[in-house]
Every structure is written in structure tokens, then in C-alpha cells.
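See below for the structure under consideration.
Hydrogens, waters and symmetry mates play no part in the numbers below; they use all other heavy atoms, side chains included. Indexing begins at 1, ligand by ligand and atom by atom, following the structure's order.
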Amino acid sequence: MSQTKSMPTDSSIQVTPSPLQVPEHVAIIMDGNGRWANQRGLPRAAGHRAGAESVRRAVEACKRYHIKYLTLYAFSSENWKRPESEIKALMNLLQRFLKEKTKEMVKQNVRLRTIGRIDMLPADTRKQLDKALKQTENNTELTVTLALSYGSREEIVDATKAIAKDVAGGKLDPDTIDNATFKNYLYAPDQPDPDLLIRTSGELRLSNFLLWQLSYAEIFVLDKFWPDFNEEDMHAAVQEYSKRHRRFGAI
Ligand code: IPE
Ligand code: IPE
Ligand code: MG
């Protein structure tokens, strides 16, 4: 689903004649923190720190466009394979980010949510996360969903298990299962599918992100590292999205 919106009023952005087709839900694979740091002779953790600033810019850009949902791939199921020191740095960074930004999110009417196997995160991180979720739960302008310890195959397996349990328990008739039923068992069933997927760093793959939900998303790959992502990049992505003709299999 898309909304037809007038252009943002920010003077730093070059505007062309409206109306613009604005996505309702944007998903981002925030890739390239490590390479960004490498290029500068810095430790990978410095790239992740710089990447956290890009999150702030992405949220601001979404708000400007009145985008309703932003889903950010922050840590994948497969990222547990990384060295312990990098995982630790990422979890600490997430904790600090939540501690520092929750107030701002409340002020900006941003609701924070998560998808993924959150129970695998360290207890301290979960605690901070729970706080942030609770403090922002009544906000309505933009929902920011952090995909943490998230893998789409894992999500589909979890959904299948829950469906099997409900069938075994007599709560669900297998003959009635359709796409809508299945979606109901995913981690965030109430959210619309992403309209636009952005991936940074030029990588042309999904890396186990939202395989079900991205079925008909428009894909925009940016040839720059995530820490360099800015509002103009979001602007370019929305401009490009607006030019696409989505057919959903029809003619
Ligand atoms: C994205 O940057 C952040 C996470 C996956 C946590 P990377 O850490 O993947 O950076 P590159 O791709 O190695 O440059
Ligand atoms: C995808 O990036 C995961 C996140 C952005 C959190 P990766 O860097 O883990 O993906 P691959 O390994 O390049 O496919
Ligand atoms: Mg990467």
C-alpha cells in the first residue's frame, strides 16, 4: 500500500513537482558498517557506532515523509556467528542507543517494536529493550521495528510450529489455512508488508530478511555504506519508488 503525499517541506531537500507515491512501510538492511570502519583504519565497532547515527537520520527522514512503518535489520540470526567481541560491542551499543534515544522517541511520537528471537539477547540488553518498548508503546506517528536476532527462515519455522500446535490442539482447521492465516502467525502480523526495501553497500541479496513479507516489495540498493546513509538517500529511494509501476502479477 502506498499513500499519495505532498513533498516534504524541508528546505535542504530539492523538491520536484508532487504528488509523490510514498511507501507506507520501508524496510532497511543496514549493511557496511565494518567496511566503512575498515576504509578508515578503525575497528569494526567504530563502524557500528557511526551506523547508529544513520538510524537517527533514517527515522527523521521517515517522519518527514509521514511513512508509518520503518523496519531495520539490526542483527541477524546468522550474525551470532561473528566473534564474541563484535557481538558484545553490538549489544552494548544497542543498550546505549536505547538508553540515550528512548526519550527522544517518546518526544517524536515514535513507537519501538522488535521482531526476532529476543530471548537470545543478553539479559541486560533485554531489560533496556523492554523499558524502551514500554515507554513508547502508546506512540502513533511512526513504528520503528528493530529486527534483532532475526532470521526469516526462523520466523517461518516458528510460525509453522505455532500453527501445528493450534491444529493439534483443535483450535485451527488445516483446511482453512491461507496466506492471511499464515501471516497471523508471523512476528508482527498487524503490520502491512514493506513496500520498499533499501539495502546499503551494494550487496544484491536478502540475507534471510523478511522473505515472506518482501514478496512484492520494490528493491532499492544504495552503493554506499550504512554509516554514510543520510536524508538525501531516503529522498532518492522514495523518488525512485514513486516512479515504479507495481503490478502484483496483474497487467
Ligand atoms: C551491518 O554492517 C551491521 C550488522 C550486520 C550488525 P556489517 O557489520 O555487516 O558490515 P560489513 O558488511 O562487514 O561491512
Ligand atoms: C545483513 O547483513 C544483516 C544485517 C544488516 C543486520 P550481513 O552483513 O550479516 O549479511 P551478509 O553476510 O553480507 O549476507
Ligand atoms: Mg555486512
Side-chain angles (χ1 to χ4, degrees), residues 25-59 61-62 69-98 100-101 112-122 124-126 128-129 132 144-158 186-188 194 196-214 217 219-230 233-234 237:
H25 185 170
V26 175
I28 306 182
I29 301 176
M30 311 184 290
D31 198 19
N33 294 351
R35 279 164 283 177
W36 181 93
N38 240 344
Q39 248 184 11
R40 289 161 177 76
L42 297 168
R44 290 178 61 87
H48 296 312
R49 268 199 302 278
E53 276 308 299
S54 296
V55 170
R56 191 182 49 75
R57 289 193 287 272
V59 168
C62 283
Y69 300 91
L70 173 65
T71 298
L72 299 170
Y73 206 4
F75 192 84
S76 75
S77 308
E78 289 74 20
N79 290 151
W80 289 114
K81 290 188 267 188
R82 293 191 180 192
E84 213 181 303
S85 56
E86 179 163 348
I87 294 172
K88 214 167 165 191
L90 279 164
M91 295 302 151
N92 286 341
L93 180 67
L94 172 63
Q95 242 168 279
R96 191 142 35 94
F97 177 85
L98 293 167
E100 286 171 7
K101 308 280 186 209
L112 193 72
R113 290 182 69 178
T114 59
I115 50 172
R117 292 188 176 164
I118 303 300
D119 55 330
M120 290 179 72
L121 301 180
D124 287 356
T125 311
R126 268 185 285 137
Q128 198 69 48
L129 201 51
V144 175
T145 302
L146 295 180
L148 290 166
S149 188
Y150 175 86
S152 187
R153 287 179 171 177
E154 286 71 8
E155 180 179 28
I156 290 168
V157 166
D158 286 348
L186 295 174
Y187 294 146
L196 172 65
L197 170 72
I198 299 172
R199 181 164 186 153
T200 54
S201 301
E203 240 48 272
L204 301 175
R205 56 178 171 263
L206 291 177
S207 304
N208 203 13
F209 190 42
L210 302 175
L211 303 179
W212 173 280
Q213 299 89 333
L214 291 172
I219 301 174
F220 184 82
V221 175
L222 250 175
D223 224 350
K224 57 155 82 170
F225 299 133
W226 176 248
D228 290 326
F229 183 89
N230 59 36
D233 297 318
M234 183 67 88

Taking the side chain as every heavy atom from C-beta outward, state whether R199 and S207 have any pair of such atoms under 4.5 Å apart.
yes
At under 4.0 Å between heavy atoms, what of R35 touches ligand 2? The answer is neither
Say whether S201 and ligand 1 are in contact under the criterion: heavy-atom distance to a ligand atom below 4.0 Å.
no
Looking at H48, which atoms of ligand 1 are within less than 4.0 Å of one of its heavy atoms?
3 (C), 8 (O)
List for me each residue that meets side-chain hydrogen bond (donor to acceptor under 3.5 Å, both in side chains) alongside T114, sequence neighbours excluded, and say none if there are none.
none
Hits for salt bridge (Lys or Arg N to Asp or Glu O under 4.0 Å) against R126, two or more places apart or cross-chain, chain-then-number order -> none
Heavy atoms, side chains only, cut-off 4.5 Å: are L214 and I219 in contact?
no
For Y73, is at least one N or O under 3.5 Å away from an N or O on ligand 2?
no
So which bit of N79 gets within less than 4.0 Å of ligand 1, heavy atoms only: side chain, backbone, both or neither?
side chain
Looking only at protein heavy atoms, identify the closest one to atom 14 (O) of ligand 2 and say how far it is in Å.
S207 OG, 2.7 Å
Are D228 and W36 side-chain neighbours, meaning at least one heavy-atom pair lies under 4.5 Å?
yes
Would R199 count as a contact of ligand 2 if the rule is a heavy atom under 4.0 Å away?
yes
Can you find a heavy atom in the side chain of R57 that is under 4.5 Å from one in the side chain of D233?
no
Any nitrogen or oxygen of W36, side chain or backbone, less than 3.5 Å from one on ligand 1?
no
Atom indices of ligand 2 within 4.0 angstrom of D31 heavy atoms, with elements
2 (O), 8 (O)
Given side-chain hydrogen bond (donor to acceptor under 3.5 Å, both in side chains), test W226 with S201 step by step and report yes or no.
CA-CA 7 Å; W226 176 248; S201 301; over 6 Å; no
Any heavy-atom pair between the side chains of H48 and M30 that's under 4.5 Å?
no
Does some side-chain heavy atom of M91 sit less than 4.5 Å from a side-chain heavy atom of D124?
no
Give the atoms of ligand 2, by number and element, whose distance to some non-hydrogen atom of R82 is under 4.0 Å.
7 (P), 8 (O), 9 (O)
Honestly, for A74 the part within reach of ligand 2 (heavy atoms, under 4.0 Å) is backbone
Interatomic distance, CD1@I29 vs CG@L210, rounded to 0.5 Å, equals 8.0 Å
With side chains defined as the heavy atoms from C-beta onward, is the minimum distance between F209 and L197 less than 4.5 Å?
yes
Short list, please: which atoms of ligand 2 are under 4.0 Å from a heavy atom of M30?
5 (C)
What atoms in ligand 2 come closer than 4.0 Å to a heavy atom of F75?
6 (C)
Does some side-chain heavy atom of Y73 sit less than 4.5 Å from a side-chain heavy atom of D31?
no
Report yes if G34 has an N/O atom closer than 3.5 Å to an N/O atom of ligand 1; otherwise report no.
yes
Closest candidate by heavy atom, reference atom 13 (O) of ligand 2, pool E78, E203, R205:
R205
So does D31 have any N/O/S atom less than 2.8 Å away from the Mg ion (ligand 3)?
yes
Part of F209 with heavy atoms under 4.0 Å of ligand 2, whether side chain, backbone, both or neither
neither
Show me which atoms of ligand 1 lie under 4.0 Å from any heavy atom of N33.
1 (C), 2 (O), 3 (C), 7 (P), 10 (O), 14 (O)
So for ligand 1, is G32 a polar contact partner (N or O within less than 3.5 Å, distance only)?
yes
